[in-house]
Amino acid sequence: MAEVVIVENKTAAGALVADEIVRLIDSKADAVLGLATGSTPTSVYQALREGLAGRDVSKVRGFALDEYVGLDPAHPESYRSVITREVVDPLGLDPQRIRVPNGAAETIEHAGDDYEQEIIDAGGVDLQILGIGTTGHIGFNEPGSSFASTTRVKTLTEQTRVDNARFFTSLDEVPRHCITQGLGTILRARHLVLLAFGEGKAPAVAGAVEGPVTSMLPASAIQLHPHVTVVVDEAAASQLKLADYYRYTFANKPAWQGI
Ligand code: GLP
């Protein structure tokens, strides 16, 4: 099962995950990171500024989970812009080594397959950071997504558009389509780290970790993966039946194991 770590707050979560990423880069200079957008992983990227300071990150590679279709990559809320602003620039990564699915309409028919090939050519993702949507999506794999899916175009649910409208000037501006790594793509990463904060995420987290494995809750796909770490605050953990067991397990874990 997933290892669940219940932390005090976002900052503690960011520090924990950043430590693991630093450890990974120390052991593999050309580590491949799976990068998530949204508000959830920002504390990880923040902690990495300090964690990676002074280290050679010139060989680190990264693959974003998803992108909006048809949104100008220069738009401040395109995931290309977000990843550049929040990850590439502050951490001093090589922009050439950081890939984001191509949401341009002209090439969209083969953009998914192209992206899959790029991930394979890079040797696969070592550590995939994940947030979770209130619909239970990871990446932009909305309910009903196949567990075998690869990078492809998806239609966003109205709920996700409403959730993401806060990043745009109006709901109308939120694109209706996205291109996202599939659940099958995500499951091929060697280590999944899913983060969630706040009460609004509690039902999705409980479903993902303890509910039945079902495409109706795409994040439940993590139960099929051999190495998953779920990092949540108390509010996001509030519907977990085995919360006390997770606390006990983590408190008694040997430090050398990492996460
Ligand atoms: C978006 C992204 C997801 C992200 C989710 C949660 O839909 N495509 O990758 O996990 O939102 O967003 P937030 O972290 O802002 O709650």
Side-chain angles (χ1 to χ4, degrees), residues 7 9-11 13-14 17 33-47 62-71 73 75-83 85-87 98-103 112 115 125 127-145 149 151-168 171 173-183 185-187 189 192-205 207-209 217-222 228-233 235-237:
V7 293
N9 52 37
K10 268 186 155 192
T11 313
V17 178
L33 304 178
L35 303 166
T37 49
S39 48
T40 303
T42 52
S43 63
V44 175
Y45 303 140
Q46 193 68 38
F63 286 89
L65 276 172
D66 44 17
E67 178 59 288
Y68 293 108
V69 169
L71 191 66
H75 187 290
E77 293 307 328
S78 77
Y79 285 170
R80 160 66 66 192
S81 296
V82 173
I83 291 285
R85 190 167 65 232
E86 292 180 2
V87 187
I98 309 300
R99 318 299 296 169
V100 178
N102 185 353
Y115 203 62
V125 170
L127 184 149
Q128 176 64 58
I129 301 168
L130 296 168
I132 184 167
T134 53
T135 65
H137 68 240
I138 48 178
F140 265 137
N141 293 281
E142 296 284 26
S145 294
S149 51
T151 306
R152 72 223 182 281
V153 173
K154 287 289 286 180
T155 306
L156 298 175
T157 61
E158 215 36 34
Q159 179 65 51
T160 298
R161 292 187 65 241
V162 169
D163 286 348
N164 288 3
R166 67 189 192 282
F167 297 113
F168 294 85
L171 180 58
E173 211 200 330
V174 186
R176 288 191 158 70
H177 295 97
C178 63
I179 173 165
T180 180
Q181 284 189 32
L183 295 175
T185 319
I186 293 169
L187 288 173
L192 304 181
V193 179
L194 186 148
L195 299 111
F197 308 112
E199 222 173 326
K201 299 288 175 77
V205 168
V209 176
L217 203 141
S220 66
I222 64 171
V228 183
T229 313
V230 175
V231 185
V232 283
D233 63 4

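Numbering of ligands and ligand atoms starts at 1, following listing order.
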Closest protein heavy atom to [atom], given as residue, atom name and distance to 0.1 Å:
atom	answer
atom 8 (N) of ligand 1	Asp66 OD2, 2.8 Å
atom 6 (C) of ligand 1	Ile132 O, 3.6 Å
atom 9 (O) of ligand 1	Gly139 O, 3.5 Å
atom 16 (O) of ligand 1	Lys201 NZ, 2.6 Å
atom 4 (C) of ligand 1	Thr37 O, 4.1 Å
atom 11 (O) of ligand 1	His137 NE2, 3.8 Å

[atom1]/[X] to [atom2]/[Y] distance, rounded to the nearest 0.5 angstrom?
X	Y	atom1	atom2	value
Thr40	Lys201	OG1	NZ	3.5 Å
Leu171	Asp163	CG	CG	10.5 Å
Leu35	Tyr79	CG	OH	13.0 Å
Thr180	Lys154	OG1	NZ	9.0 Å

Relative to the heavy atoms of [X], which atoms of ligand 1 are at a distance of less than 4.0 Å?
X	result
Phe140	1 (C), 7 (O), 8 (N)
Gly38	14 (O), 15 (O)
Asn164	1 (C), 7 (O)
Gly131	10 (O)

Is any side-chain heavy atom of [Y] closer than 4.5 Å to one of [X]?
X	Y	result
Leu65	Leu130	yes
Glu77	Glu173	no
Ile138	Leu183	yes
Pro76	Arg85	yes

Indicate, as side chain, backbone, both or neither, the part of [X] found under 4.0 angstrom from ligand 1 when only non-hydrogen atoms are considered.
X	value
Ser39	both
Tyr79	side chain
Thr180	neither
Gln181	neither
Thr40	both

My understanding is that only residues two or more places apart in sequence, or in another chain, count here; which of them pass salt bridge (charged side-chain N to carboxylate O under 4.0 Å, His left out) with Arg152? none

With a 4.0 Å cut-off on heavy atoms, does Arg161 reach ligand 1? no

Measure the acute angle between the ring planes of Tyr68 and Phe140, then classify it against the limits of 30° and 60° as parallel, tilted or perpendicular. tilted

